[in-house]
Amino acid sequence: MTALLSTGILLTFAAIALILYKWGNIRCIGVTPVRTFTFIAILFTSGLDVGLIMFPLTEFAGYADLAASPEYGFSNPLAIEFGFWGFLIWGFYFLTCFYFCVIEPRVGFFELPLVKLINNMVIIGTCAFTAFLLLSNLPWYMPGIGDGETVVGSFYLIVLLVISAAVYSSTSLRYVKILSLGTSWLFIGLIAAMWGSAFLGTGDALGEFAGTFALLGDYFGNLHRFVLPINDYHEFYLFWWFSWSIMIGQFTARFVGGLRTWQLLAAMLVFPSLAIATWFSVLYYFHLNELSTAGFFNWAMVIVGITMVINSLDSLVRLYTDNLKLSVARLGRVRYFAGNLIVLSGLTLLFQLDFLEIQWVGALVIGLFFACVGYILRYKRTEVLSIEGSPKANRVDYSKLEWAS
């Protein structure tokens, strides 16, 4: 599995380099373009899940324990955490977003019956894994409901309600903008509140924050170390990013609003990473100074985490139901809602029982990457080499989303 992952990563970055060389200055326009800020909000809230909110405070101590994990000794825990979530790996999303926006309309690889089946299996499996992550982390953040370790009935009910909300919101594309912008502002508010709690009483709030934030420089000084797996845990993260990459690229490609290729890459690498870096720096200060998040902040993190899950599941449910032509218009609202709810709830329980692993899903995606390259080289090389821009039918019209169903 490690060899497959490593070759998949090298293929990804080689493809990004080729795209920048061949099409670096063309305008990328999706079928439902939106303004850049809205696009970044959709990308950020759809491309991340509850792990961004809930994982760091549980992981910093592990990255600092060099006796147990000496391989982390080259950097500090904040830079390690950022390396697992930020900057370089957002290139995965850029690659697939560009592909589905510009190349796939000329290739049609994902319309092949077997590929479409595998792709939708990936999407549905990752939906369930997202819900499972929320379920498995709730005991740590909401210890007042249980014993702080065990998943109890109330947590299953919360996740069921979250899945229900996501399936309902997926019935109309118009909810995308509302959910994405709303969740983005909630996340910004959470960062501001925790930043104020951590730093405003220090006497030099900006200096203290800047000193913590500066620790992220270690990531960029050791960027090459994050390309290939550091250990099994990093490998898990990389497979996780691969499992998301095709479907997030497929979903976000429709919203690209005319950015040139190099601008799209810069936007997808920089803007989400700045938000992640700020958030992780605040959390790391809480960790270093043993500041408590119990009470209000734990509940606030759970609420923001839940809205992120709803965003992610909404986009993924919409994607696989569109691919499988299981629309509300075809099935009816009740059958659509009940069918998706049953499938996602059942698969979430399979992850809870350790019957499924996200690494398998990531491996399937890497296989699709290689198969797609082979298909293009064998059948569509001329069509791809002749590409000079986005499909001519795509026009920058920001009103399209307002009229979408």
Side-chain angles (χ1 to χ4, degrees), residues 1 4-5 7-8 11-12 15 31 46-47 49 92-93 95-101 103-132 163 166-167 170-171 173 239-254 312-332 335-351 353 355-380 383-384:
M1 291 283 276
L4 175 65
L5 175 62
T7 54
L11 173 67
T12 297
V31 296
S46 300
D49 59 20
F92 292 14
Y93 288 174
L95 173 62
T96 54
C97 180
F98 179 88
Y99 174 84
F100 281 103
C101 183
I103 299 177
E104 170 65 12
R106 277 82 169 206
V107 171
F109 176 73
F110 283 84
E111 293 302 314
L112 300 175
L114 179 59
V115 174
K116 180 176 285 191
L117 173 64
I118 295 173
N119 185 37
N120 287 301
M121 288 171 56
V122 166
I123 296 170
I124 295 170
T126 308
C127 276
F129 183 71
T130 299
F132 159 72
I163 295 173
V167 172
S170 73
T171 59
L173 192 61
F239 272 123
W240 186 7
W241 280 92
F242 266 114
S243 72
W244 276 79
S245 60
I246 286 180
M247 55 197 176
I248 294 302
Q250 193 172 352
F251 182 69
T252 57
R254 69 178 68 181
S312 298
L313 292 182
D314 166 273
S315 60
L316 302 184
V317 170
R318 191 191 317 278
L319 190 58
Y320 76 72
T321 52
D322 283 350
N323 289 343
L324 295 172
K325 296 179 171 55
L326 300 175
S327 65
V328 176
R330 180 182 176 188
L331 297 179
R335 291 174 62 195
Y336 175 93
F337 180 85
N340 283 297
L341 180 63
I342 291 169
V343 169
L344 293 181
S345 299
L347 287 174
T348 300
L349 292 177
L350 290 181
F351 274 108
L353 298 172
F355 184 78
L356 295 174
E357 293 186 8
I358 197 63
Q359 291 91 324
W360 303 350
V361 180
L364 274 176
V365 169
I366 294 172
L368 287 177
F369 274 35
F370 279 101
C372 183
V373 170
Y375 182 80
I376 290 173
L377 292 176
R378 177 67 177 84
Y379 298 107
K380 299 290 182 176
E383 289 88 339
V384 171

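The figures here come from the full heavy-atom set of this structure, side chains too, leaving out hydrogens, waters and symmetry mates.
Heavy atoms only, all atoms of each residue included: Val167 and Leu341 are closest at CG2-N, 4.3 Å. Closest heavy-atom contact between Ala131 and Thr348: CB-OG1, 3.4 Å. Here the closest non-hydrogen pair linking Cys97 and Ala253 is O-CB, 3.5 Å.
Within a 6.0 Å radius of OH in Tyr379, other residues, nucleotides and ligands contribute 12 heavy atoms or fewer. Arg106 CZ: more than 12 foreign heavy atoms inside a 6.0 Å radius.
Here the two rings, on Trp360 and Phe239, have centers that are 6.0 Å apart or farther. Ring-centre distance between Phe129 and Trp240: below the 6.0 Å cut-off. Here Phe251 and Phe100 keep their ring centres 6.0 angstrom or further from each other.
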Legend entry - Step-by-step side-chain contact (heavy atoms from CB on, under 4.5 Å) determination, Thr7 to Phe370: CA-CA 10 Å; Thr7 54; Phe370 279 101; 3.9 Å; yes

Inset, instruction - Would you check, one step at a time, whether the test side-chain contact (heavy atoms from CB on, under 4.5 Å) holds for Ile376 with Val373? - result: CA-CA 5 Å; Ile376 290 173; Val373 170; 5.9 Å; no

Inset, instruction - Show your reasoning for whether side-chain contact (heavy atoms from CB on, under 4.5 Å) applies to Phe132 and Ile358. - result: CA-CA 11 Å; Phe132 159 72; Ile358 197 63; over 6 Å; no

Inset, instruction - Apply side-chain contact (heavy atoms from CB on, under 4.5 Å) to the pair Thr96 and Ile248, showing each step before the final yes or no. - result: CA-CA 8 Å; Thr96 54; Ile248 294 302; 5.7 Å; no

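Of the residues Asp314, Leu313, Asp322, the one that meets the side chain to side chain contact (heavy atoms under 4.5 Å, CB included) test with Ser170 is Asp314.
Side-chain contact between Asn340 and Thr321: present, with at least one pair of heavy atoms (C-beta onward) separated by less than 4.5 Å. Side-chain contact between Tyr375 and Leu112 is present, with at least one heavy-atom pair separated by less than 4.5 Å. Looking at Ile163 and Ser345, their side chains come closer than 4.5 Å, going by heavy atoms from C-beta outward. By the 4.5 Å heavy-atom criterion applied to side chains, Tyr93 and Phe98 are not counted as neighbours. Two residues are said to be in side-chain contact when any heavy atoms from C-beta on lie closer than 4.5 Å; Val317 and Leu344 meet this criterion. Residues Phe110 and Lys116 fail the side-chain proximity criterion, which asks for heavy atoms closer than 4.5 Å. Proximity of Met247 to Thr126: side-chain heavy atoms (C-beta onward) are separated by under 4.5 Å at one or more points.
Note that the CG atom of Leu11 and the SG atom of Cys372 stand 9.5 Å from one another [nearest 0.5 Å]. Going from atom CD of Gln359 over to atom OG of Ser243 covers 9.5 Å, rounded to the nearest 0.5 Å. Taken from CD1 in Ile366 to OG in Ser245, the straight-line distance is 8.5 Å, to the nearest 0.5 Å. In this structure, Met121 CE and Leu347 CG are separated by 10.0 Å, a value rounded to the nearest 0.5 Å. Atom CG of Leu114 is separated from atom CG of Leu117 by 6.5 Å, given to the nearest 0.5 angstrom. How far CD1 of Ile118 is from CG of Leu368: 5.5 Å, rounded to the nearest 0.5 Å.
In this structure, Phe242 and Phe369 have perpendicular ring planes: the angle between them is above 60°, well past the 30° mark.
Residues forming a side-chain contact (heavy atoms from CB on, under 4.5 Å) with Ile342 (at least two apart in sequence, or on another chain): none.
No side-chain N or O of Tyr320 forms a donor-acceptor pair with one of Asn119 less than 3.5 Å apart.
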